[in-house]
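Only one structure is covered here, and it is reproduced in the block below.
Keep in mind the model is a prediction, meaning the values are calculated, not measured. Each chain gets a letter, A, B and so on, in the order the sequences are listed, and its residues count up from 1.
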There are 2 protein chains.
Amino acid sequence: MASQNAVTEGTPARPRRQARGQQRIEEILHAAAAVFGEQGYDATTTNSIAKRAGISPGSLYQFFKNKDDIARALAEHYATQLTALRAGVFTIENLDGAGLEDTVDAVLGPLVAFNLAHPGFKALFARTDMPAGLRDAVTPIQVTIHHRVADLIAHFMPDRALDDIARIATVSIQLVRGMTPLITEADGPERDALTAELRTAVISYLSQQVARVPQHTRPRAARA
Amino acid sequence: MASQNAVTEGTPARPRRQARGQQRIEEILHAAAAVFGEQGYDATTTNSIAKRAGISPGSLYQFFKNKDDIARALAEHYATQLTALRAGVFTIENLDGAGLEDTVDAVLGPLVAFNLAHPGFKALFARTDMPAGLRDAVTPIQVTIHHRVADLIAHFMPDRALDDIARIATVSIQLVRGMTPLITEADGPERDALTAELRTAVISYLSQQVARVPQHTRPRAARA
DNA sequence: CTAAAATACGAGCAGATGCTCGTGTTGTCT
DNA sequence: AGACAACACGAGCATCTGCTCGTATTTTAG
């Protein structure tokens with residue numbers, strides 16, 4: 001956005017990255033994701049991230065202001081990948097004619113896969129009590145996610161009040177967030193079973209909500 | 001390690017408490033619950049607990065071995081009160097003839113009230129990623145809770161396999177745990193609304209599970 | 001009353017953690 | 001080639017946190 005060249009002084013300490021630096025940044029984020037996923041955010045030390053990335057602490061701080069800054073960058077990284085995921089799989093247009101179950105499947109499947117592929121994700125997003133710095137880093141992205149889910153839900157209950165929709169979206173997200181650590185920490189068949197349980201929980205909750213106002217809505221969720 | 005007591009050597013460093021000390025212990029636990037609830041477990045310092053309790057750090061460590069020990073004692077304190085709660089409200093015998101909805105209500109209502117009355121509770125139990133010390137402190141009690149919930153659930157689906165029952169109990173508990181922080185942090189009417197949503201989610205999830213095996217079970221959940 | 005145990009104090013230690021700083025190396029631009 | 005910026009290093013600083021220790025006071029036991 002702002003001019004990063006030497007002439008203007010808009011962003012003081014923002015160096016012009018070279019290719020090496022860009023790669024380092026990605027290596028650091030990769031290492032941070034791994035360590036966050038294994039140890040949790042609080043227990044993760046910046047020195048351990050540097051060690052994991054194969055660099056010195058000093059080098060790390062050439063690319064990131066502090067620990068929260070790493071979390072913020074990683075959160076944005078995840079947000080970007082989630083956006084790509086959405087574009088590829090569960091666009092609203094693609095699901096407009098689909099039923100509730102198919103929609104939930106279309107969202108939940110890739111989301112679980114994403115959590116398994118990116119162990120750091122749940123460490124940043126699936127916590128209920130966050131330190132202030134982490135909270136600031138992830139809330140904007142949580143708001144974005146909430147908007148998308150609310151849009152999706154609104155399609156199935158168009159005559160509900162907006163704050164009802166918002167609340168149902170919040171609850172749905174929270175159901176998923178609560179189950180995610182259980183799923184990622186389980187192995188093989190138990191993991192599949194828990195994923196199926198999550199699917200059941202979300203679908204039955206949302207079905208109940210759809211059925212709640214049967215006048216205007218056509219509650220035939222399974223077939224369009 | 002050396003025995004400082006005269007006669008028996010059963011519990012080496014366990015002094016014979018006087019009335020004053022017992023009261024101090026309760027004051028410390030009360031203070032710890034408050035600070036845990038406000039700051040979270042990690043952010044809470046032992047010195048801040050001592051300050052809140054109106055004593056010096058040295059005095060605190062005359063009654064508790066370390067920070068985890070405080071958490072463990074507080075967790076046991078909560079477990080005791082929960083047991084009293086169960087005895088008073090939702091004994092299995094009392095609910096044997098009741099339907100699923102009434103049973104869930106009988107559990108969820110007092111449980112939410114308990115969470116509101118004891119702000120430290122969710123800081124100890126409602127976290128998904130716990131430091132090792134805290135995990136050790138609360139897991140025994142979580143196992144107890146899980147047993148009780150599984151017993152309750154088993155009454156509604158007697159022909160399900162034991163690990164199915166266990167998994168359903170785990171998921172149910174997780175649904176409640178995930179929603180608890182949302183509920184306690186909300187105010188007035190929004191809190192009530194979220195509580196109602198939690199009720200809906202749990203009941204619809206469990207109803208779905210009860211309906212899944214209709215052969216042997218009599219799925220007349222609402223009326224006995 | 002007296003000795004021992006329990007309670008109380010609070011300055012401060014040992015260890016850890018996020019982060020810095022001085023210095024040296026690599027890359028880029030002219 | 002020279003100059004400057006980006007990159008890299010790692011010992012170590014400043015700070016915090018859980019906890020201790022020497023000491024003083026209160027309570028209990030005999």
- Message: Rounding to an integer number of Å, can you tell me how far B:Ile28 CD1 sits from C:dC9 C1'?
- Response: 13 Å
- Task: For the side chain of A:Thr45, starting at C-beta, report the closest nucleotide among C:dG18, D:dG18, D:dA8.
- Result: C:dG18
- Message: Applying a 4.0 Å non-hydrogen cut-off, can you work out what B:Asn47 is touching in the nucleic acid: base, sugar-phosphate, or nothing?
- Response: base
- Counting side-chain heavy atoms from CB outward, which of C:dA6, C:dC9, D:dA6 is closest to B:Pro15? C:dA6
- Query: Which pairs pass ring-ring contact (aromatic ring centres under 6.0 Å, His included) with one or both residues in residues 119-141 of chain B, sequence neighbours excluded?
  - Reply: B:Tyr78-B:Phe121, B:Phe114-B:Phe121, B:Phe121-B:Phe125
- Query: Does a side chain donor of either B:Arg160 or B:Gln209 reach within less than 3.5 Å of an acceptor in the other side chain?
  - Reply: yes
- B:Arg20 or A:Ala43, whichever maps to the more 5' nucleotide of DNA chain C: B:Arg20
- Selection from C:dC19, C:dT28, D:dT20 that lies nearest to any side-chain heavy atom of A:Gln18: C:dT28
- Message: As a test of reading the structure: which of D:dA8, C:dA8, D:dC19 is closest to the side chain of B:Ser56, going by heavy atoms?
- Response: C:dA8
- Message: Heavy atoms only, 4.0 Å cut-off, all strands: where does B:Leu60 land among base, sugar-phosphate and nothing?
- Response: nothing
- Note on the structure: B:Asp42 atom CG is separated from D:dC16 atom P, nearest whole Å, by 17 Å
- Tell me, please, which residues at least two apart from B:Tyr41 pass ring-ring contact (aromatic ring centres under 6.0 Å, His included). B:Phe36
- Touch check for A:Gly58, heavy atoms < 4.0 angstrom, all strands: base, sugar-phosphate only, or nothing? base
- Query: A:Ser48 near the nucleic acid: base, sugar-phosphate alone, or nothing, with a heavy-atom cut-off under 4.0 Å?
  - Reply: nothing
- Task: Give B:Gln62 one of three labels, base, sugar-phosphate or nothing, depending on what nucleic acid heavy atoms sit under 4.0 Å from its own.
- Result: base
- Task: Name the closest nucleotide to the A:Arg17 side chain, picking from D:dC7, C:dT7, D:dC19.
- Result: D:dC7
- Task: Measure the spacing between CD1 of A:Ile153 and OG1 of A:Thr103 and express it to the nearest 0.5 Å.
- Result: 10.5 Å
